Amino acid sequence: MVQPELCPRFEQAVGMLSKRWNALIIFSLLGESQRFCTMTESIGISNRLLSERLKELEKDGIVTRNVYPETPVRIEYSLTEKGRALAPVMEEIQKWSQEWLPAQEADEENKSLPSVKF
């Protein structure tokens with residue numbers, strides 16, 4: 001059997017999605033735009049790390065930062081078109097995990113991410 005050659009773009013995509021917290025951040029933004037504090041609470045990530053990951057995802061063109069000139073200033077994060085194109089990938093990972101991964105006790109105790117309709 002001939003082994004398929006790994007495409008550098010595939011390797012880059014898997015690297016980006018597998019970086020700790022990135023997939024959860026993307027998944028949480030699939031439903032709607034969110035404020036920074038909402039994401040830290042729902043995902044359970046530190047402020048510093050979330051800030052770092054959002055900047056990286058923004059640089060990669062996956063996430064956009066929207067600043068609303070209100071008092072106080074409101075900042076929300078949302079997925080770009082490129083980020084929303086990951087919805088089918090996230091849906092398939094979710095289906096696969098439901099079928100093949102065992103339920104964990106932490107599922108009931110953990111805070112849940114917002115439900116996302118694909």
Side-chain angles (χ1 to χ4, degrees):
M1 178 189 250
V2 177
Q3 287 288 343
E5 201 172 308
L6 276 180
C7 169
R9 288 182 179 181
F10 177 81
E11 188 176 352
Q12 184 181 4
V14 169
M16 188 271 300
L17 286 175
S18 65
K19 193 166 193 176
R20 186 163 180 152
W21 301 107
N22 279 2
L24 290 175
I25 293 168
I26 293 166
F27 186 84
S28 72
L29 290 173
L30 283 173
E32 61 186 0
S33 297
Q34 290 191 39
R35 296 180 78 165
F36 187 90
C37 59
T38 305
M39 283 190 283
T40 57
E41 291 171 9
S42 67
I43 298 172
I45 184 174
S46 72
N47 289 345
R48 182 193 60 78
L49 197 51
L50 179 59
S51 177
E52 181 182 304
R53 292 298 186 258
L54 285 169
K55 286 176 186 175
E56 291 170 0
L57 290 169
E58 189 175 6
K59 181 181 168 210
D60 290 339
I62 304 292
V63 169
T64 187
R65 182 177 186 260
N66 304 303
V67 179
Y68 297 94
E70 301 172 350
T71 305
V73 174
R74 180 171 51 110
I75 300 171
E76 292 184 346
Y77 294 88
S78 58
L79 294 175
T80 62
E81 182 180 350
K82 182 178 176 180
R84 287 188 305 274
L86 288 166
V89 174
M90 295 296 165
E91 179 180 10
E92 289 303 315
I93 292 172
Q94 184 178 37
K95 285 179 187 176
W96 180 86
S97 69
Q98 294 298 314
E99 183 174 343
W100 294 100
L101 297 180
Q104 296 179 352
E105 291 177 23
D107 288 345
E108 293 89 39
E109 297 171 11
N110 254 350
K111 64 245 155 256
S112 60
L113 291 173
S115 61
V116 178
K117 293 185 180 182
F118 294 101

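The structure displayed is predicted, hence computed values, not measured ones.
- Of all heavy-atom pairs spanning Leu17 and Asn22, the tightest one is O-CB, 4.3 Å.
- The side chain to side chain contact (heavy atoms under 4.5 Å, CB included) check on Phe10 picks up Leu6, Cys7, Val14, with sequence neighbours excluded.
- Partners of Arg48 according to the salt bridge (charged side-chain N to carboxylate O under 4.0 Å, His left out) rule, which considers only residues two or more places apart in sequence or in another chain, are Glu52.
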List, one per line, each side-chain donor-acceptor pair under 3.5 Å for residues 55-63, sequence neighbours excluded.
from	atom 1	to	atom 2	distance (Å)
Glu56	OE1	Lys19	NZ	3.1
Glu56	OE2	Lys19	NZ	3.3

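- Atoms CD and CG, from Glu92 and Leu86 in turn, are 13.0 Å apart once rounded to the nearest 0.5 Å.
- What you find for Met39 and Leu50 is that their closest heavy atoms are CB-CD2, 3.8 Å.
- Judged as a salt bridge (Lys or Arg N to Asp or Glu O under 4.0 Å), the pairs with a partner in residues 76-85 (not counting sequence neighbours) are, in order, Arg74-Glu76.
- Every residue two or more places apart in sequence or in another chain that forms a side chain to side chain contact (heavy atoms under 4.5 Å, CB included) with Trp100 is listed here: Trp96.
- Listed here is the closest heavy atom pair of Leu54 and Phe36: CD1-CD1, 3.9 Å.
- Nearest heavy-atom pair, Val67 versus Pro69, reported as atom, atom and distance to 0.1 Å: O-CD, 3.8 Å.
- Leu30 CG to Gln94 CD: the interatomic distance, rounded to the nearest 0.5 Å, is 9.5 Å.
- Across all their heavy atoms, Gln34 and Ser42 have their closest contact at OE1-OG, 4.1 Å.
- Separation of atoms CD1 (Ile75) and OG (Ser33) is listed at 13.0 Å; rounding is to 0.5 Å.
- Distance check: Glu32 CD to Thr38 OG1 gives 8.5 Å after rounding to the nearest 0.5 Å.
- Minimum heavy-atom separation, Tyr77 to Leu29: O-CD2, 3.3 Å.
- For Ser78, the side chain to side chain donor-acceptor pair (under 3.5 Å) test picks out Asn66, with sequence neighbours left out.
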